[in-house]
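What follows is a short report on a single structure.
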Amino acid sequence: EWKAMTLRTAMLFPGVAFLGFFLLNLLAWHQGSSIAVPFGTLFALCVLWFGISVPLVFVGSHFGYRQPPRDNPVRTNKVRRP
């Protein structure tokens, strides 16, 4: 289960951000704007994302799930709240 959660973590936020950027860039490219990012740069960003970011997320989650759960640093009392 931790592998599926890690994959979602590695893909969801960067994927949504990249998709939004790609769609805006596609609109800029369609209008013939000089501000549009070249396709090679977008491809390089994808390679960096899949080649560096995703493996680092998996390495971090692997070490994180091997750690024992941490205890709370303070003792909490059961106080009735109004």
Side-chain angles (χ1 to χ4, degrees):
E1 182 180 336
W2 70 271
K3 290 180 183 179
M5 185 62 66
T6 302
L7 186 64
R8 280 186 234 138
T9 301
M11 298 290 180
L12 188 64
F13 178 71
V16 170
F18 183 77
L19 182 65
F21 178 75
F22 181 75
L23 290 176
L24 288 174
N25 191 53
L26 190 64
L27 289 173
W29 177 74
H30 180 68
Q31 294 292 327
S33 176
S34 62
I35 200 168
V37 178
F39 178 75
T41 304
L42 288 177
F43 182 73
L45 284 174
C46 283
V47 168
L48 287 174
W49 178 25
F50 285 112
I52 294 175
S53 179
V54 173
L56 284 178
V57 168
F58 269 95
V59 168
S61 67
H62 174 72
F63 285 120
Y65 277 108
R66 286 181 44 196
Q67 296 274 332
R70 299 197 181 232
D71 294 331
N72 291 332
V74 296
R75 192 185 71 176
T76 57
N77 294 327
K78 293 183 180 182
V79 178
R80 290 195 68 192
R81 302 287 179 195

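Note that the coordinates shown come from a computational prediction; the quantities given were computed from them, not determined experimentally.
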What's the separation between atom CD in Gln67 and atom NE2 in His62, rounded to the nearest 0.5 Å?
10.5 Å

Straight-line distance of Leu45 CG to Ser53 OG, nearest 0.5 Å:
11.5 Å

Might you work through the side chain to side chain contact (heavy atoms under 4.5 Å, CB included) test for Val54 and Met11, ending with a clear yes or no?
CA-CA 8 Å; Val54 173; Met11 298 290 180; 4.2 Å; yes

Do other residues, nucleotides or ligands put more than 12 heavy atoms under 6.0 Å from the CH2 atom of Trp29?
no

Counting heavy atoms not belonging to Leu48, are there more than 12 under 6.0 Å from its CG?
yes

Single-linkage hydrophobic cluster, 4.5 Å side-chain cutoff, Trp49 and Leu7 together:
yes

Set out, in order, the CA-CA distance, both residues' side-chain angles and the distance that settles side chain to side chain contact (heavy atoms under 4.5 Å, CB included) for Phe21 and Val37, then state yes or no.
CA-CA 10 Å; Phe21 178 75; Val37 178; 3.5 Å; yes

Any side-chain heavy-atom pair of Leu42 and Phe18 under 4.5 Å
yes

All heavy atoms of Pro14 vs all of Thr9, minimum pair found to be CD-O, 4.1 Å

